[in-house]
Amino acid sequence: PNGRTQRQTALTAPGVTGEEIVHWSTFSLSARNPMNEAVRQRRLIEVDTFEEFAACWPQLAQSAAALDAHAYIALPLEFGGRLVGSIGYHLRKPGPLSDSAREFVLSLANLTAQALERARLYEQEHAARTEAEQANRAKSDFLAVVSHELRTPLNTITGYVDLMLTGAHGPLPEEYADYADRIRSAQKYLVGLIDNVMRFAKIESQQIAYDIGVYSVAELLRALVPLVELQVNARNIAFVIEAGDPAQCVRADREKVIQILLNLVANSLKYTDRGGMVAVTTSCTGSAVDIRVTDTGRGIPNDRLESIFEPFVQVDSSLTRDGEGVGLGLAISRELARGMGGELEAVSTLGLGSCFTLYLPAA
Ligand code: ADP
């Protein structure tokens, strides 16, 4: 494993003692023995008689005699040009080997090398995955702690700014009221961002609980209206909701569905120019209800349609209006959809618009 020693994976033969197993479990690659010879010469080593063996490796003659061995062979184990070890056999009959026996041991060495190499790759992959999982957990913990620590002073800022704006200690001069207003909106924006990071960290560490119930789709969509009204009016965009079959119900967590739809509508409004349209429609196909948020906005390039669901990915952050968002909304929304047994997918045509579909189990 380290280029200096060989570690025995197995050592078996009738007559091999426990002491010998321990002795041979690890040996230096510079030690004189036939296994190392096979490694050094990178070829099959054949010793046909006990006498020849004893002459080559006198210090090993006694244990070979104890095994009643008359011949010995050792082969390097190679896979893809990489030396992974060697294999040795004490033989009860004197050599030379027949051609078919030689072929047999060579192909056995080949298979053994493959198996060892696969085991090594598997172990390496397993170790890398464990490490990555640990790093990911550390990242989520870090995000959770940092966002929590940021949230607390922000709440204090909100409290004091609100106090100033209410004029509890006398009215603010107009200019200061304007400053306070700006602090208030910057603070609101920061709280939004931090809440998203906290939500994401919670999803990552699987701390999100789902409160699943049966809800009317029409009612869910109705609940959305007051939540997006302000943004719709501010953008001068036509906003349409078609609730479809009034009896249609889904099995889901109400708050999370609204959170997902809110995110989808907010995105559509964000990436659609004035005079455009955003529509929320729904239909049922067998066991799933799909709720679609369609817009006539700038669209998403085809090769980015999947990556926008990854955390912190934005198609072009320089184009994001007012520097809003950090690219967490869709990652959170998809995780939430999946957490409820649903799915979130997107189709889009660049320059014409996008359609995000939330699939939920029908009830
Ligand atoms: P954010 O909106 O905070 O950047 P999201 O995860 O919600 O993060 O969205 C990721 C990216 O996907 C956005 O930055 C934007 O580039 C793209 N995107 C999302 N929704 C739309 C949409 N309706 N139209 C065009 N691009 C969109």
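Ligands are counted one by one from 1 in listed order, and the atoms in each one are counted from 1 as well.
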Self-check item: Selected option - heavy-atom contact closest to atom 10 (C) of ligand 1, from Leu264, Val313, Leu350
Solution: Val313

Quiz item: Which is it for Ser268 and ligand 1 at heavy atoms under 4.0 Å: side chain, backbone, both or neither?
Solution: both

Self-check item: Under-4.0 Å heavy-atom contact with ligand 1, by part of Phe356 that carries it
Solution: side chain

Quiz item: Going by the angle between their ring planes, with limits at 30° and 60°, are His90 and Tyr72 parallel, tilted or perpendicular?
Solution: perpendicular

Quiz item: What atoms of ligand 1 come closer than 4.0 angstrom to any heavy atom of Gly329?
Solution: 5 (P), 6 (O), 7 (O), 8 (O)

Quiz item: Transitive ILVMFWY cluster of Leu106 at side-chain heavy atoms under 4.5 Å: who else is in it?
Solution: Leu44, Ile73, Leu75, Leu77, Val84, Ile87, Tyr89, Leu91, Leu97, Phe104, Val105, Leu108, Leu116

Exercise. Step through it carefully: locate the ring centre of Phe50, locate the ring centre of His70, and say whether they are under 6.0 Å apart.
Key: no

Exercise. Return a yes/no value for Leu330: is any of its N or O atoms, backbone included, closer than 3.5 angstrom to an N or O of ligand 1?
Key: yes

Quiz item: Distance-only, no hydrogens or angles: does the Asp295 side chain make a donor-acceptor pair with backbone N or O of Gly353 under 3.5 Å?
Solution: no

Exercise. Report yes or no: does Arg338 contribute a side-chain atom to a donor-acceptor pair with the main-chain N or O of Glu343 at less than 3.5 Å?
Key: no

Quiz item: Is there any N or O on Arg298 that sits under 3.5 Å from an N or O of ligand 1?
Solution: no

Quiz item: Checking Ser268 side chain against Val278 main chain: does a donor-acceptor pair fall under 3.5 Å?
Solution: no

Self-check item: Pairs satisfying salt bridge (charged side-chain N to carboxylate O under 4.0 Å, His left out), at least one member in residues 141-154, at least two apart
Solution: Arg151-Asp195

Self-check item: Side chain, backbone, both or neither: Asn196 near ligand 1, heavy atoms under 4.0 Å
Solution: neither

Self-check item: Gly299, any N or O under 3.5 Å of ligand 1 N or O
Solution: no

Self-check item: Val315, portion touching ligand 1 at heavy-atom distance under 4.0 Å
Solution: both

Quiz prompt | Atoms of ligand 1 close to Leu328 [distance to a heavy atom under 4.0 angstrom, numbered from 1] | solution = 6 (O), 8 (O)

